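Bear in mind that the values here come from a model prediction, so they are computed numbers and not experimental data. Proteins get letters first, then strands, A, B, ... in listed order; numbering begins at 1 in each.
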Amino acid sequence: METKRTTFPSKTLPYALVMPQLLITLVFFIWPTWQAVQSSFLREDPFGLASTFVGLLHYQRLFQDPLYLDAIGRTALFAVAVTVLSMGMGLLLAVAVSRLVRSANAYSTLLLWPYAVAPVVAGILWWFMFNSSSGILPYMLSFFGVDWNHKLNGTQAMILVIVAASWKQVSYNFLFFLAGLQSVPQSLTEAAAIDGAGPVKRFFTIVLPLLSPTTFFLFIVNVNYTMFDTFGTIDATTQGGPNQATNILVYKVYADGFIGLNLGSSSAQSVVLMLFVIGLTFLQFRYVERRVQY
Amino acid sequence: MAPIKISQVKKTYQGNVTAIHGLDLDIEDGEMVVLVGPSGCGKSTLLRMIAGLETITDGTISIGGEVVNRKEPAERDVAMVFQNYALYPHMSVRQNLEYGLKNRGTPREEIDRRVNEAARVLEIAPFLERKPRQLSGGQRQRVAMGRAIVRQPKAFLFDEPLSNLDAKLRGQMRIEIRRLQRSLKTTSVYVTHDQLEAMTLADRLVVMNAGRIEQVGKPIELYDRPASLFVAGFIGSPPMNLFKLEALSRVTGQDLSTTLPENTDIVGIRPDRIEAGRGAGLHMFGVVELIEPVGGESHLYVRAEGLDQAVIIVVEGPSTLSEGEVLDFVLPLSALHPFNTATGRRTD
C-alpha cells in the first residue's frame with residue numbers, strides 16, 4: 001500500500017514532534033512497568049527503609065499459593081463471562097439498530113452513553129440497584145423467590161461484578177459491531193436471500209463471518225479490559241469479597257500491595273498479569289487472525 | 001422456466017416519491033427482455049420488485065402464473081446477477097456456487113453434478129477452490145453467472161452485470177450471456193443503461209423513462225420506428241438528429257407541413273440515413289466542423305446555417321473530407337421520423 005510521506009526540513013523536528021507522546025508513555029507506562037519489574041525481585045522491610053534482592057522468590061511463592069491459583073480460575077471465568085455477555089449484547093443491539101431506518105441515530109446515541117460512565121460510577125450504580133436492603137433488583141427478585149444478598153453469597157457477588165463490568169462495555173462493542181454491520185454490502189445479504197437463506201441463516205452464514213475482523217478485534221479489547229480495567233468496578237461493589245469470591249487478579253494486585261502492603265508479591269503479580277495479556281494478545285494475533293476471513 | 005406477468009405495478013417510496021407509475025409488461029416463457037433507460041428511470045426498481053427485494057406498492061407481479069407479491073425472494077425461485085457480483089468473499093468459488101443449492105436441500109450428488117457442469121460451461125473449473133478476491137473481474141462475473149445457472153431457476157434477473165468490466169471483456173461476456181440464455185431457454189430480465197448492450201441482447205426491448213414504459217418491441221423495430229421522441233434520442237449511436245420543423249423548412253426552403261402528418265413540429269433522421277451529395281429529398285449544406293473516424297465508418301459533425309445544432313452524419317469508411325470544408329447533403333423524405341413535442345409521441 002502506498003502511503004503519503006512527509007519530508008521534514010530539519011532532522012530534529014520529527015523527533016520534537018513525537019517527543020510529547022514519547023514522554024507521556026515513558027513517564028506513565030514504561031517507568032512504572034520498570035519499577036514493578038524491579039520491585040518484584042526485591043523484598044521491602046516493614047518500614048520501607050531497606051530492600052533485599054530475593055530473586056524469583058515472589059514468583060515461586062505465587063504459584064504455590066492456593067489463593068492465587070484460585071484467583072486465576074476466577075479471573076478466567078470472569079473474563080469469559082464479561083466478554084461473552086458484553087459482546088453478545090453489543091451484537092444483538094447493533095443488529096437491532098441496523099434494521100432501523102429513521103430512529104437509528106437516536107438509538108445509537110443513547111446506547112453510547114454508558115461508555116462515558118467511569119467504571120467506579122458504573123460499579124456504584126449497580127451496587128445501588130443490587131443493594132440487598134434498599135436496591136430495586138433484590139426487591140423484584142424476591143417475588144421470584146430469589147434471596148439476593150451478594151455480601152453473603154459468592155455466586156451472586158460474581159454475577160453482580162460480571163453485570164456491572166459488562167454494562168458499559170456493551171456500548172463500546174455495540175458501536176464497533178454497528179460499524180461492522182454497516183460495512184457488509186447490502187447486495188450480499190440480498191444475494192443470500194435470493195439464494196434461499198432466511199434471515200437467521202443469512203446472519204450466521206454471511207453476516208457473522210464477514211464481521212469476524214471486528215469480532216476478533218473486540219475479543220482482544222474485551223479480554224484486556226476484563227484483565228486490567230475492572231479494578232474500579234470490583235472496588236466499588238464487592239472489594240473482592242465475600243470470602244475471595246470476586247477477587248480477580250487485577251484486584252488482588254491492589255489488595256495484596258496496598259492493603260496487605262506486600263509490595264514485592266504485588267509487583268510480581270502485576271508482572272505475571274502483564275506477561276499473560278501480552279502472551280494472549282500475541283497468540284491471538286498469531287493464530288486467530290489467520291483464520292479471520294475477508 | 002416461466003412467464004412473468006407484471007400488471008399495473010406501482011412503486012411509491014416514503015415521502016410520496018413515485019418511482020414506477022402503473023406499469024404493465026408480459027414476459028413470455030424463455031424470452032430475454034431487456035429494460036433500458038437512463039439512471040433513475042425505475043428499471044432497477046422494477047427488477048428488484050420481481051426479485052422480491054423491494055415491496056410492490058400496488059398491482060401484481062406473477063411468475064409462472066403465480067402471484068408473488070407476498071412471497072419472500074427465496075420462494076420466488078429466481079436467480080439474480082448483481083452489478084458488483086455480490087460473491088460471498090469468505091467462501092470459495094465452489095462454496096459460492098453451492099450455497100443456494102444447499103439452502104434448498106439439494107442432494108449432495110446433484111449439487112456436485114450441477115456445480116461441475118456450470119464450471120465446465122463457464123470455464124471456471126480451475127478456480128473452484130479459490131476465493132473471489134483472487135479472481136479477475138471477468139472471472140468473478142463468470143462465477144456470478146454460475147451461481148445463477150446452477151440453481152436452474154424459473155427466471156434470471158440481471159442488474160447491469162457488465163458495467164464493471166472493461167470494454168473488450170464486456171463485449172465477450174455479452175455474447176456469452178446471449179449464448180447461455182439461448183441454450184438454457186430460461187426467462188430472463190436484463191437491466192442496463194447501455195443501449196448497445198440492450199440492442200444486442202434483447203429478444204424484446206423495453207425502453208423506460210421516469211417510471212413509465214416508453215416503448216416495447218424488438219430492438220430493430222424500436223430502431224426503425226421509435227414511438228416517442230425519448231426512444232428516438234435514446235436508441236442508436238450516434239443519436240438521431242432531431243430538428244424543429246420550422247427551422248428545417250426555413251433552411252431547406254421547402255414547405256414540409258403538407259408532406260408530413262398533422263401536428264408534426266419536430267423531425268428526426270438517423271445519421272446513417274443522411275446522404276452526402278445531391279439527390280431526392282431535402283437538400284442542405286454546411287461546414288464540416290469535426291470528423292470522428294471510428295474505423296469502418298466516420299461521424300461528421302456539420303454546421304448548417306440556420307440550425308442551432310450540428311447535424312451528425314455517418315459515412316462509410318474513412319472520410320475524404322477535411323474539417324472546414326463545405327458539404328452538400330440530402331435528407332431522404334422516406335427516412336424522416338415525425339414527432340410532436342407536446343405529446344412527445346410519433347405523429348404518423
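What you find for B/A74 and A/G196 is that their closest heavy atoms are CB-CA, 3.4 Å. A pairwise comparison of heavy atoms in B/F82 and A/E190 identifies CE2-OE1, 3.6 Å as the closest pair. The two residues A/L188 and B/P89 have their closest heavy-atom pair at CD1-CD, 3.7 Å. The minimum heavy-atom distance linking B/Y88 with A/I206 is given by the pair CD2-CD1, 3.5 Å. Between B/H90 and A/L210, the closest heavy-atom pair is ND1-CD2, 3.5 Å.
Looking at B/L87, the atoms closer than 4.5 Å to chain A (heavy atoms on both sides) all sit in the backbone: N, CA, C or O. Neither the backbone nor the side chain of B/E72 comes within contact range of chain A, judged by heavy atoms closer than 4.5 Å. Of the atoms belonging to A/T189, not a single heavy atom falls under 4.5 Å from chain B.
The CE atom of B/M80 sits 12.0 Å away from the CG atom of A/D195 when rounded to the nearest 0.5 Å. Summarising the geometry, atom CD1 belonging to A/I194 is positioned 9.0 Å from atom CZ belonging to B/R147; distances are rounded to the nearest 0.5 Å.
Surrounding OH of A/Y107 are at most 12 heavy atoms belonging to other residues, nucleotides or ligands under 6.0 Å away. The environment of CE in A/M89 is sparse: at most 12 heavy-atom neighbours from other residues, nucleotides or ligands sit within 6.0 Å. Shown here is A/L22, whose CG atom has more than 12 heavy atoms of other residues, nucleotides or ligands within 6.0 Å.
Side-chain contact of B/Y85 with A/S187: a donor-acceptor pair under 3.5 Å is absent, judged by distance alone.
Using a 4.5 Å cut-off between non-hydrogen atoms, no part of residues 222-230 of chain A approaches chain B. Within residues 40-56 of chain B, the residues having any heavy atom under 4.5 Å from a heavy atom of chain A are, by residue number, B/R48, B/A51, B/L53. Against chain A, the residues from residues 103-123 of chain B that qualify, each with a non-hydrogen atom under 4.5 angstrom away, are B/N103, B/R104 in number order.
For B/Q8, the side chain to side chain contact (heavy atoms under 4.5 Å, CB included) partners two or more places apart in sequence, or in a different chain, are B/D24.
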